[in-house]
Protein chains: 2
Amino acid sequence: MDLMTTYAPAEASERTGLSLDTLRYYERLGLFGPVRRTTTGRRVYSDHDMAWVGLLVCLRNAGLGISDLQRLMGRLRDRSGGPTGVVELLEEHRSRLHGEIAKMNLALGVLDDKIAHYRGEAGQSKK
Amino acid sequence: MDLMTTYAPAEASERTGLSLDTLRYYERLGLFGPVRRTTTGRRVYSDHDMAWVGLLVCLRNAGLGISDLQRLMGRLRDRSGGPTGVVELLEEHRSRLHGEIAKMNLALGVLDDKIAHYRGEAGQSKK
DNA sequence: CTGTGTCCTGGAGTGCGCTCCAGGTCAACT
DNA sequence: AGTTGACCTGGAGCGCACTCCAGGACACAG
């Protein structure tokens, strides 16, 4: 059927930027997979796996915790049961993310203030 | 001059939003203080302490780790030795922060895509 | 004086997200 | 056949940033 590309663990690791351990870790937690195996038990990652992991990495970068991912992935997995709230979950995090960004920008402002402050003021403070 | 307000631990905690434990923890790590004590050993936080802690909270929010704070605070502390690189340190983190924000925005984009994707594909057109 | 509350200390425990390890199987090259 | 080396498993260990706890000492209202 599909003659799709497959990846040995090492290559999967390289392509995703995750360590072998982390890849296995994510799989163990059910964040993706199960990954196909050779008869002798070695993992064979598919394009599909890779895409999934790519999403995982992205969401982790976006600040979602492992448990968030577990919930999310669980829902994406069995989308057979009607309204599973995937969109809601994503949107919820989306607004969280906005909040984070706002907070960071705020901190950035404070940082700028501090920089200006410490650069402007020579060598003595103390009130 | 010494008409400055002081704060009992409980109040300091309330005002900074940090737990008593965390306040003590930060102090132990040398992130601020040393905090004055009563003759019997109880902490008495000053306005100065509070301001310092405020900065700490802000920088933590901005994503600096404890060790960053230790370095930073150490440098702010003894600004007697000329160029201590405080500004550099802050600016360095400032750009890190920019990077983080960029990353988040990117993730946000992916999230939006996913939302659009799963909304479009799942229960058919909605919106 | 006594009870209740706040605080003290040092150290152990927690949750997260990996990361490392021992001890083994299997693949590939020479 | 021998020798690497990639990979397997389950479980231990780690670094971070707290958080909790036991056991003890003031604080102060009644």
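In what follows, chains carry the letters A, B, and so on, assigned in the order in which the sequence lines appear, proteins first and then strands, with residues in each chain numbered from 1.
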Q: Could you encode protein contacts along nucleotides 1-10 of chain C as a string, one character per nucleotide from 5' to 3', using B for base contact, S for sugar-phosphate-only contact and - for no contact, with a heavy-atom cut-off of under 4.0 Å?
A: ----BBSSB-
Q | Nucleotide D:dC18, atom P - distance to CG of B:Leu29 in whole Å | A | 9 Å
Q | 4.5 Å side-chain heavy-atom contact, B:Thr6 and B:Arg36 | A | yes
**Q.** Hphob cluster co-occupancy, B:Leu29 + B:Leu64, side-chain heavy atoms under 4.5 angstrom
**A.** yes
Q: Quick one: list whatever passes ring-ring contact (aromatic ring centres under 6.0 Å, His included) with A:His48, sequence neighbours left out.
A: A:Trp52
Atom pairs under 3.5 Å, N or O on each side, protein against nucleotides 14-16 of chain C: can you list them with distances?
none

Q | Side chains of A:Tyr26 and A:Leu18 in contact at under 4.5 Å (non-hydrogen atoms) | A | yes
Q. Is the closest side-chain heavy-atom distance between B:Tyr45 and B:Leu23 below 4.5 Å?
A. yes
Q: Round to the nearest Å and state the distance from B:Leu23 atom CG to D:dC20 atom C1'.
A: 16 Å
Q) OP1, OP2 of D:dC18 versus side-chain N and O of B:Tyr26: anything below 4.0 Å? A) yes
Q.
Quick one, B:Arg42 and B:Arg37 - any side-chain contact, counting heavy atoms below 4.5 Å?
A. no
**Q.** Side-chain donor-acceptor pair present, A:Tyr7, A:Asp49, cut-off under 3.5 Å
**A.** no
Q: Nearest-nucleotide wise, let me know which of B:Leu64 and B:Thr38 is further upstream toward the 5' end of DNA chain D.
A: B:Leu64
Q.
A side-chain contact here means heavy atoms from C-beta on lying under 4.5 Å apart; do A:Met73 and A:Leu59 qualify?
A. yes
